[in-house]
Asker: 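Can you read through this structure? Questions will come right after.
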Amino acid sequence: FEKNPLNTVNGSLWTLSYEIACYAWLLVLFVLKMLDRPMRAGVVCFSIVMASVFFPEIMPPFGALKTAWFLPGCFFLGAFAVIAKDEIEIDIWTCLALWMLFYLCRNTMLLQALFYLALFYTSLYIATRDFFVSNFKLPVDISYGVYLYGFIVQQTVKQIWPAHGPFWNMLWSLPMTMFLAYLSFVLLERPAMRLAKTIDSRYFSRQEKIYI
């Protein structure tokens, strides 16, 4: 891709090492039993989110790269949403309040963090409406495959048709990326998740026997 405007092979992959770091943090906190109760998990996750917003330089390895500063905050915001999913209520008034807060703080250092918070919460609100749950539940989850393959597919399309613009690129890249993402989910991700569930169920079954 040396003749492309960007000659990177797959620019999306820079986040993978930071994603692994987030999961490593999650594992350590889980082993230390810091996430076993919603209240305790809330304090831990809120502390990480605040550190990500106000003191990102002290958070290894994210502090070394400015574009990675918000990643642990976003990750643990999502982690808390999963941990406390039975206690969290999602309503339209909170959506509106978050966007209003975002607007009021538009000239402050909180702008980006509040945008993420409002966007995430609104996405959850929309995704949990009965209409969307009933009509838009996809049989496969291609989101991670789109993240993995989208950039390199776009680079390939640009390499083949260098004179065409972004709309031409998207026209060809989107279906090809979705197809590769579908194959990735069916052949790699879904079998891996099934294997993980099998290992998980056997582990907990063995643990129960030990305690009994």
Asker: Using a 3.5 Å distance criterion without hydrogens, assess whether the side chain of Arg129 forms a donor-acceptor pair with backbone atoms of Ile126.
Answerer: no
Asker: Between Pro191 and Phe185, which heavy-atom pair has the shortest distance, and what is it?
Answerer: CD-O, 3.8 Å
Asker: Evaluate the side-chain proximity of Phe55 to Met50: yes if any heavy-atom separation is below 4.5 Å, no if none is.
Answerer: no
Asker: First locate atom OG1 of Thr15, then atom CG of Leu13, and finally report the distance between them rounded to the nearest 0.5 Å.
Answerer: 7.0 Å
Asker: Membership question, hydrophobic clusters at under 4.5 Å side-chain separation (ILVMFWY): are Leu16 and Met59 in the same one?
Answerer: no
Asker: Answer yes if Leu77 and Leu27 sit in the same cluster of Ile, Leu, Val, Met, Phe, Trp and Tyr residues linked by side chain heavy atoms under 4.5 Å apart, and no otherwise.
Answerer: no
Asker: Looking only at heavy atoms, which two atoms of Gln154 and Asn169 are closest? And how far apart?
Answerer: O-ND2, 3.1 Å
Asker: Begin from the C-alpha positions of Leu35 and Leu26 and carry the test side chain to side chain contact (heavy atoms under 4.5 Å, CB included) through to its verdict.
Answerer: CA-CA 9 Å; Leu35 304 174; Leu26 191 66; 3.6 Å; yes
Asker: For the backbone of Asn10 and the side chain of Gln155, can you confirm whether one donor and one acceptor N or O come within less than 3.5 Å of each other?
Answerer: no
Asker: Would you indicate whether the side-chain heavy atoms of Leu114 and Leu98 approach each other to under 4.5 Å?
Answerer: no
Asker: Answer yes or no: are there more than 12 heavy-atom neighbours, outside Trp172 itself, under 6.0 Å from its atom CH2?
Answerer: no
Asker: Check for a donor-acceptor pair, side chain of Tyr149 on one end and backbone N or O of Met178 on the other, with a separation under 3.5 Å.
Answerer: no
Asker: Checking ring-ring contact (aromatic ring centres under 6.0 Å, His included) for the pair Phe62/Trp25: CA distance, chi angles, key distance, verdict?
Answerer: CA-CA 12 Å; Phe62 310 96; Trp25 279 37; 5.8 Å; yes
Asker: Answer with yes or no after comparing the ring centroid distance for Tyr144 and Tyr147 against a 6.0 Å cut-off, counting only values under it.
Answerer: yes
Asker: Are Leu65 and Leu71 grouped together when hydrophobic residues (ILVMFWY) are joined by side-chain heavy atoms under 4.5 angstrom apart?
Answerer: yes
Asker: Does the plane of the ring in Phe115 sit parallel, tilted or perpendicular to the ring in Phe102? Use 30° and 60° as the thresholds.
Answerer: tilted
Asker: Would a hydrophobic clustering, with Ile, Leu, Val, Met, Phe, Trp and Tyr connected at side-chain separations under 4.5 Å, put Tyr121 with Val133?
Answerer: no
Asker: Given side chains that start at C-beta, do those of Phe80 and Ile88 come closer than 4.5 Å, heavy atoms only?
Answerer: yes
Asker: Verify, without hydrogens or angle tests, whether Ser52 (side chain) and Ile48 (backbone) share a donor-acceptor contact under 3.5 angstrom.
Answerer: no
Asker: Applying the 4.5 Å side-chain criterion to the ILVMFWY set and letting contacts propagate, would Phe76 and Val43 be lumped into a single cluster?
Answerer: no
Asker: Donor-acceptor pair, Trp69 side chain versus Val53 backbone, under 3.5 Å?
Answerer: no
Asker: Could you list the residues that satisfy salt bridge (Lys or Arg N to Asp or Glu O under 4.0 Å) with Asp36, not counting sequence neighbours?
Answerer: Arg40
Asker: Quick check: are there more than 12 heavy atoms from other residues, nucleotides or ligands sitting under 6.0 Å from CG of Asp130?
Answerer: no
Asker: Any pair with a residue in residues 189-199 that passes salt bridge (Lys or Arg N to Asp or Glu O under 4.0 Å), sequence neighbours left out, goes on the list, sorted by first then second residue, please.
Answerer: none
Asker: In terms of ring plane angle, is the pair Trp14 and Tyr18 parallel, tilted or perpendicular, where the classes change at 30° and 60°?
Answerer: perpendicular
Asker: Within a 6.0 Å radius of atom CZ on Phe1, are there more than 12 heavy atoms belonging to other residues, nucleotides or ligands?
Answerer: yes
Asker: Should we say atom CE of Met100 is surrounded by more than 12 heavy atoms from elsewhere, each under 6.0 Å from it?
Answerer: no
Asker: Would the distance check show the side chain of Ser134 and the main-chain N or O of Phe131 forming a donor-acceptor pair, the cut-off being under 3.5 Å?
Answerer: no
